[in-house]
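In what follows, a single structure is set out as structure tokens and then discussed.
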There are 2 protein chains.
Amino acid sequence: MTSAAAQNYLKAIYTLQEQQAAVTTSALAQYLKVSAASATNMVKKLARARLLHHSPYHGVQLTGRGEKMALEVIRHHRLIELFLARTLAVPWDCVHAEAEKIEHVISEDLEDRIATFLGDPTLDPHGDPIPTKAGQVARPVYPSLLDVGAGQSAVVRRVSDQNPEHLRHFSKLGLVLDANVDVLEREPFEGPLRVRVASGAEHIVDETLAREIWVSPLTGQTRTGMARVKKSK
Amino acid sequence: MTSAAAQNYLKAIYTLQEQQAAVTTSALAQYLKVSAASATNMVKKLARARLLHHSPYHGVQLTGRGEKMALEVIRHHRLIELFLARTLAVPWDCVHAEAEKIEHVISEDLEDRIATFLGDPTLDPHGDPIPTKAGQVARPVYPSLLDVGAGQSAVVRRVSDQNPEHLRHFSKLGLVLDANVDVLEREPFEGPLRVRVASGAEHIVDETLAREIWVSPLTGQTRTGMARVKKSK
DNA sequence: TCGCAAATTTAGTCGCGGCTAAATTTTTTA
DNA sequence: TAAAAAATTTAGCCGCGACTAAATTTGCGA
Ligand SMILES: [Mn+2]
Ligand SMILES: [Mn+2]
Ligand SMILES: [Mn+2]
Ligand SMILES: [Mn+2]
């Protein structure tokens with residue numbers, strides 16, 4: 001038990017649980033790009049192994065053991081992402097795919113060595129929190145770039161690692177971790193944003209993309225606000 | 001095709017081919033710790049994929065494509081071993097088991113990054129040659145420590161990575177890569193060796209273990225010989 | 001050269017993790 | 001509230017890579 005496939009299901013359920021409490025078969029199937037029947041099949045196996053509770057036709061919920069196991073895999077994933085980024089300068093749009101494979105095959109000993117080598121880090125290259133060995137994980141909640149009002153500034157804190165093309169686009173735009181962004185204007189009806197980045201360049205950011213960037217809004221207005229924040233340091 | 005299992009068969013056949021030209025089903029099965037029936041089954045699949053020639057009841061031989069593929073996996077394996085040893089100080093008795101898993105899941109891009117990071121190395125932590133990207137591999141042939149006569153000295157060039165306990169023992173004894181060894185005496189009937197290592201300490205090395213260490217013999221006699229060699233540098 | 005033992009292949013099975021199609025249950029809509 | 005739609009589960013299948021047991025082939029010794 002706890003094959004790579006099972007680990008991926010546990011990870012997916014954990015991730016989906018962060019949004020809504022009851023994770024449905026179809027949500028799971030869609031997320032993992034498998035058929036609903038396949039998801040049901042694995043869910044029954046995980047339930048038998050007491051890694052989740054299955055309320056047939058209604059959804060699943062991880063048990064303590066299941067959540068712990070999910071967090072272990074997530075810890076592997078994020079440590080590996082950071083390790084590859086740090087040691088080999090693997091760009092942030094590539095680390096996810098590599099980590100997705102390696103996370104299932106490293107030993108606990110190697111995990112420990114990587115963690116120590118990196119100085120027991122708390123964030124991966126996308127700003128995702130790294131669970132501790134004991135299974136504790138921070139749950140930073142940031143507004144998305146979309147929630148920042150026109151005329152406001154913010155600092156990029158976390159970026160979705162699900163789409164490599166989007167990540168590549170973000171780094172091209174200068175929208176990297178800890179970067180400052182000024183939201184200049186917002187098209188109505190959930191339209192795209194116009195932003196200014198640290199270099200001074202201005203870019204249009206589509207709604208879908210803006211949803212994949214989470215930020216710490218800064219008080220005060222764009223330039224002025226930023227200047228004030230810098231001074232007050 | 002070319003699942004992790006298939007890659008392991010190709011690697012095993014390549015390794016066995018270095019000893020004898022025709023690799024039998026039972027040799028393969030024994031090496032991989034699977035039943036003969038399982039080996040036959042995979043052999044037939046690899047033959048269908050034109051990765052080897054199968055002469056039923058007589059043995060197999062890798063095709064050009066099969067050998068190339070084997071060398072690609074071996075390159076992954078040895079690069080990963082060296083990478084783990086260099087970056088994380090993973091001891092040489094642990095790198096093999098980790099590499100055995102990771103070798104099947106890294107991308108070509110990651111392989112290239114690791115190779116470049118390591119400066120395109122030619123030897124792994126056990127002195128095994130690393131095949132090039134193009135599939136060329138050096139075939140260093142060294143005598144084993146057992147072939148060194150009493151009173152002779154040698155330099156450790158290569159050590160079998162198959163048995164972690166043996167490797168741990170070797171490093172405890174100071175029998176590491178590039179170490180000098182003086183063979184002091186040899187018990188008759190293929191008995192154990194008495195050796196002196198760089199530190200001056202003397203150790204008994206069993207025949208089985210001595211077979212797992214390959215060396216460059218030095219001309220001249222132990223101390224005297226070594227001294228002379230050192231002077232002549 | 002014949003017969004037997006060893007090696008090898010074939011036949012049939014299993015668990016895993018996918019799939020489609022059909023049955024069932026829940027939810028929505030009329 | 002009954003019928004239709006949607007979601008979910010069940011049933012049955014497949015390829016993979018193991019296995020055991022049985023059949024076949026090979027090669028060796030008498
Ligand atoms: Mn990731
Ligand atoms: Mn990440
Ligand atoms: Mn190795
Ligand atoms: Mn090695």
Side-chain angles (χ1 to χ4, degrees), chain A residues 1-17 19-62 66 69-70 73 100-101 103-105, chain B residues 1-17 19-62 66 69-70 73 100-101 103-105:
Chain A
M1 198 36 182
T2 344
S3 58
Q7 292 182 357
N8 284 333
Y9 275 91
L10 292 173
K11 214 171 40 150
I13 295 164
Y14 180 89
T15 305
L16 293 169
Q17 258 182 12
Q19 263 76 23
Q20 70 254 350
V23 174
T24 64
T25 299
S26 48
L28 194 50
Q30 185 185 354
Y31 186 89
L32 290 173
K33 299 184 208 308
V34 297
S35 70
S38 299
T40 300
N41 186 50
M42 180 60 86
V43 156
K44 287 172 76 178
K45 270 194 287 193
L46 295 174
R48 230 179 299 132
R50 309 218 169 282
L51 295 170
L52 53 74
H53 296 298
H54 183 205
S55 167
Y57 291 101
H58 291 288
V60 300
Q61 187 163 15
L62 293 179
M69 211 166 270
V73 182
E100 206 66 20
K101 305 292 206 110
E103 66 188 11
H104 305 296
V105 301
Chain B
M1 197 37 181
T2 344
S3 57
Q7 291 183 356
N8 284 332
Y9 275 92
L10 292 172
K11 214 172 39 151
I13 295 164
Y14 180 90
T15 305
L16 293 168
Q17 258 184 11
Q19 264 76 24
Q20 69 255 350
V23 174
T24 63
T25 298
S26 48
L28 193 50
Q30 186 186 352
Y31 186 89
L32 290 173
K33 301 185 207 308
V34 297
S35 70
S38 299
T40 300
N41 185 50
M42 180 60 86
V43 156
K44 288 173 75 178
K45 269 193 288 192
L46 295 174
R48 231 178 299 132
R50 307 217 169 282
L51 296 170
L52 51 76
H53 297 298
H54 183 206
S55 167
Y57 292 101
H58 291 288
V60 299
Q61 189 163 14
L62 292 179
M69 212 166 271
V73 182
E100 206 66 19
K101 305 294 206 105
E103 67 188 12
H104 305 296
V105 301

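Small disclaimer: the values here were computed from a predicted structure and weren't measured. Residue numbering restarts at 1 for every chain, and letters A, B, ... go by the order of the sequence lines.
At the heavy-atom level, B:Ala5 lies under 4.0 Å from the strands shown only through sugar-phosphate atoms. When heavy atoms are screened at a 4.0 angstrom cut-off, A:Thr25 is found touching the sugar-phosphate backbone but no base atom. Contacts of A:Ser26 with the nucleic acid, taken as non-hydrogen atoms under 4.0 Å apart, involve only primed sugar atoms and P, OP1 or OP2.
As rounded to whole Å, 14 Å separates atom P of D:dT25 from atom NE2 of B:His54. Here D:dC19 presents its P atom at 10 Å from CG of B:Leu32, a figure rounded to the nearest Å. Rounded to whole Å, the distance from NE2 on B:His104 to C1' on D:dG17 is 14 Å.
Taking 4.0 angstrom as the limit, B:Ser38 places a side-chain polar atom (N or O) nearer than this to OP1 or OP2 of D:dC19. Contact annotation: B:Lys45 side-chain N/O to D:dG15 OP1/OP2 distance is not under 4.0 Å.
The 5' end of DNA chain C is approached more closely, in terms of each residue's nearest nucleotide, by B:Asn41 than by the other of A:Ala39 and B:Asn41. Between B:His58 and A:Pro56, the residue anchored nearer the 5' end of DNA chain C, judged by the nucleotide with its closest heavy atom, is B:His58.
Using a 4.5 Å heavy-atom threshold, the side chains of A:Met69 and A:Gln7 count as separate. Between B:Tyr9 and B:Val60 there is no side-chain heavy-atom pair separated by less than 4.5 Å. Looking at heavy atoms from C-beta onward, A:Leu10 lies out of side-chain contact with A:Val73 at the 4.5 angstrom threshold.
Bracketed by its first and final contacts, the part of DNA chain C lying under 4.0 Å from non-hydrogen atoms of chain B reaches from C:dT8 to C:dT10 in 5' to 3' order.
Atoms CG and OG1, from A:Leu46 and A:Thr2 in turn, are 8.5 Å apart once rounded to the nearest 0.5 Å. To the nearest 0.5 Å, the span separating CG on B:Leu28 from OG1 on B:Thr15 amounts to 10.5 Å. If you take NE2 on A:His104 and CG on A:Asn8, they are separated by 3.5 Å, rounding to the nearest 0.5 Å.
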